[in-house]
**Student:** 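Below you'll find the structure I mean.
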2 protein chains.
Amino acid sequence: MDTPASAPKSARRMVREELTRRIADTARAHLARSGPSGLSLRAVARELGMASSAVYRYFPSRDALLTTLIMDAYNSLGEECEAAEAGVDRSDLARRHLTIARSTRNWALAHPHEYALIYGTPVPGYQAPPDTVDPATRVTRLLLGLIADAEASGCHPPVDPRISASTTRDMEDLMERVGTRISPGYLFVSLGLWAQLFGLISFELFGQFNNVVEARDDFFDDQARHMARLVGITEGD
Amino acid sequence: MDTPASAPKSARRMVREELTRRIADTARAHLARSGPSGLSLRAVARELGMASSAVYRYFPSRDALLTTLIMDAYNSLGEECEAAEAGVDRSDLARRHLTIARSTRNWALAHPHEYALIYGTPVPGYQAPPDTVDPATRVTRLLLGLIADAEASGCHPPVDPRISASTTRDMEDLMERVGTRISPGYLFVSLGLWAQLFGLISFELFGQFNNVVEARDDFFDDQARHMARLVGITEGD
DNA sequence: AAGAAAAAGAGAGCAGTGCTCTTGCTTTTC
DNA sequence: GAAAAGCAAGAGCACTGCTCTCTTTTTCTT
C-alpha cells in the first residue's frame, strides 16, 4: 500500500495527531498563564473533557509534554526571526542584525513563559533529547550567517579579541550547516554578542532591570546597535 | 533588663532562631539536590524530625522559605565577590574586573541552583519583597564602583555608544550609594557588559554552551578580558 | 464478513505535595 | 499561681504525576 511517511494518515492516526496537537495547545495556554511548574496534566485533561489517564496515551509523561512545548517554542522563535530577517536587504548588515535582535526580544516579550522554558532555568529532571538540538540552533544559525556575511564583506571587530582558548571546536558543524567559515577571533566576539543579546532579554524578562532601566524599547535598540558596532557592523553600510 | 536589639535572645527566641536557621540550611541542601521546584517543605520537616505543620511556625509559606534562600544567595554571592575584589590593588582596574567576573562565575558553578534561583526564571507566584533589593545589588554596586573608578582615571569605551534613550533614571540612587557618578554613555556600555557577564554564565550553566564551547575556563577568562577592553579597561594598566 | 489484535478511554488507587485547623503541651509573662 | 503566648503534632482538604485494571472502539487479518 502506498503509505509514504508524509501522508499515511490511517484515519485513526489523523484523529490521534489532532488530539495530540490539542493537548499541546491547551498545555501551552496553561503554560502562558501559570508557568512551567504550574502546568498540570490533570488540568489540561479536565479542560479537554477527558480522563487524566487518557492523556498518557499521547504523552508518556509530563516531561514529554514539556519537550514538545520546548521544541515548539524553539521553532516558533526561529520561524519569527527567520521570517523577519528574510525580508531585509541582505547587504544591509546593520538592519539584519537589528531585525534579528528585535524579533528575538519581541517574541520573548510576547511569549515570556515559553522564553523562560528555553532560555531560563532548565526544568529539574528534564534532559533534552537530541531532537531538540536542531530547532534550538535556528536563531543561532541566523546570527552565524549574518556574522559570516559580515566578515566576508570586510567587517572586523574594532577591538581585537586576543583569544588564547580554542573556543570553537564543536562549532565546526554548525558553521558547516550555515555554509561558511568564520575566523576564530570573529567567532569569539560573536559569542560574546550572542550572550549579551540573551543576557539583555533575560534581565528584562526576569526582572533584573526593574527600577534600573525604564525606556526598555529605546534602551534595547541602542544596545543592539552598539552590539553590532562591536562586531564591526556599522549603520549606513 | 539590658536587651539591645542585637542580643535580647529570651532563650526561647534563641532556639527559635537556631531552628529557623536549621530549616533554611536543610532547605538549601535540598535545593542543591533537586532544584527549586523539588523543594518540599514536607521533606525538609521529615529530615528535621518534625511534623510538616510545625515548619509553618517558622516560615508562613513555601515562598517565604524561598525568599530567605534568595536573600541568602544574593548575600553569599555578594560577599564572595566583595571579599575577592577587596584583595586586589584598587588601581589595577583590569585585575579588579577579572576578579569580579571570575568570582561571580565560580560562585555560580559552585551553587548552580542558587544561581538559578536569583538569575534564572523567577519562581511563578513569587513576588520579591523590598528587602531583597539591597542584597540583590551587591555585585552590581561592585561593578558600578569599578566603572566609576575607571572613568575617573580616564578610561572611556573604545566604541562610542551613541545612545538616544534615557537609560539611567532609576539608577541615580544606586550610583549615589556607591558614591560616584558615571556619565550616561559610560554607564550604558557598562549595562551591556553587565548583561554579557551574566549572559555568559547563564548560557554555560543552563546548557546553551553544550557542544558549542568546550574550554570553558579559558573561554570565560578571554571573554572577561575582552569585555573589560570594551569599557576601556586594558591590561597592564 | 468474522474473529483476533491493537489502540483508546475511564476509573480507582498510590504516594506525594502545600496548607489549614484543631487539639494538646510547654514556656513565658503578668 | 493564673493567664497568655508560643510551639508541636495529627488529621484532613484539595491537588499533583503516574500506574493499573477494565471496558469499549477501531483496525488488521484470515
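Protein chains get the first letters and strands the later ones, always in sequence-line order, with residue 1 at the start of each.
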**Student:** A:L19 CG to C:dA7 P: how many Å, rounded?
**Tutor:** 16 Å
**Student:** Can you tell whether the side chains of A:D25 and A:R28 come within less than 4.0 Å, N to carboxylate O?
**Tutor:** yes
**Student:** Nearest to the side chain of A:L41, heavy atoms from C-beta on, is which of C:dG18, D:dG17, D:dA8?
**Tutor:** D:dG17
**Student:** Give the residues of residues 43-51 of chain A touching DNA chain C, defined as any heavy atom closer than 4.0 Å, sorted by residue number.
**Tutor:** A:M50, A:A51
**Student:** Select one nucleotide: of D:dA9, C:dG18, D:dC18, the one nearest the side-chain heavy atoms of A:R62.
**Tutor:** D:dC18
**Student:** Is the shortest heavy-atom distance from the side chain of A:H97 to the side chain of A:V231 under 4.5 Å?
**Tutor:** no
**Student:** One thing to verify: whether A:D134 and A:R141 come together as a salt bridge, which I'm taking to mean a side-chain N less than 4.0 angstrom from a carboxylate O.
**Tutor:** yes
**Student:** Ignoring hydrogens and angles, does a donor from either the side chain of B:R42 or the base of C:dG16 sit under 3.5 Å from an acceptor on the other?
**Tutor:** no
**Student:** Answer yes or no: is there a donor N or O on one side and an acceptor on the other, between the side chain of B:Q223 and the main chain of B:L197, under 3.5 Å?
**Tutor:** no
**Student:** Taking salt bridge (Lys or Arg N to Asp or Glu O under 4.0 Å) as the definition, give me every residue that meets it alongside B:E82, ordered by chain and number, with sequence neighbours left out.
**Tutor:** B:R138
**Student:** In whole Å, I'd like the distance from the CG atom of A:L39 to the C1' atom of D:dG17.
**Tutor:** 12 Å
**Student:** Which residues pass the ring pair (Phe, Tyr, Trp, His ring centres under 6.0 Å) test with B:F206, not counting sequence neighbours?
**Tutor:** none
**Student:** Excluding sequence neighbours, so at least two apart, what forms side chain to side chain donor-acceptor pair (under 3.5 Å) with A:T104?
**Tutor:** none
**Student:** Please list every donor-acceptor pair under 3.5 Å in which a side-chain atom of residues 40-47 of chain A meets a protein atom from a residue at least two apart or in another chain.
**Tutor:**
| residue | atom | partner | partner atom | Å |
| --- | --- | --- | --- | --- |
| A:S40 | OG | A:R42 | N | 3.3 |
| A:S40 | OG | A:A43 | N | 3.0 |
| A:E47 | OE1 | A:H30 | NE2 | 2.7 |

**Student:** So, is A:Y58 near the phosphate of C:dA8, with a side-chain N or O under 4.0 Å from OP1 or OP2?
**Tutor:** no
**Student:** Give B:F59 one of three labels, base, sugar-phosphate or nothing, depending on what nucleic acid heavy atoms sit under 4.0 Å from its own.
**Tutor:** nothing
**Student:** If the sugar-phosphate is the primed atoms plus P, OP1 and OP2 and the base is the rest, what is the B/S/- string for nucleotides 20-30 of chain C, using protein heavy atoms under 4.0 Å?
**Tutor:** BB-----BS--
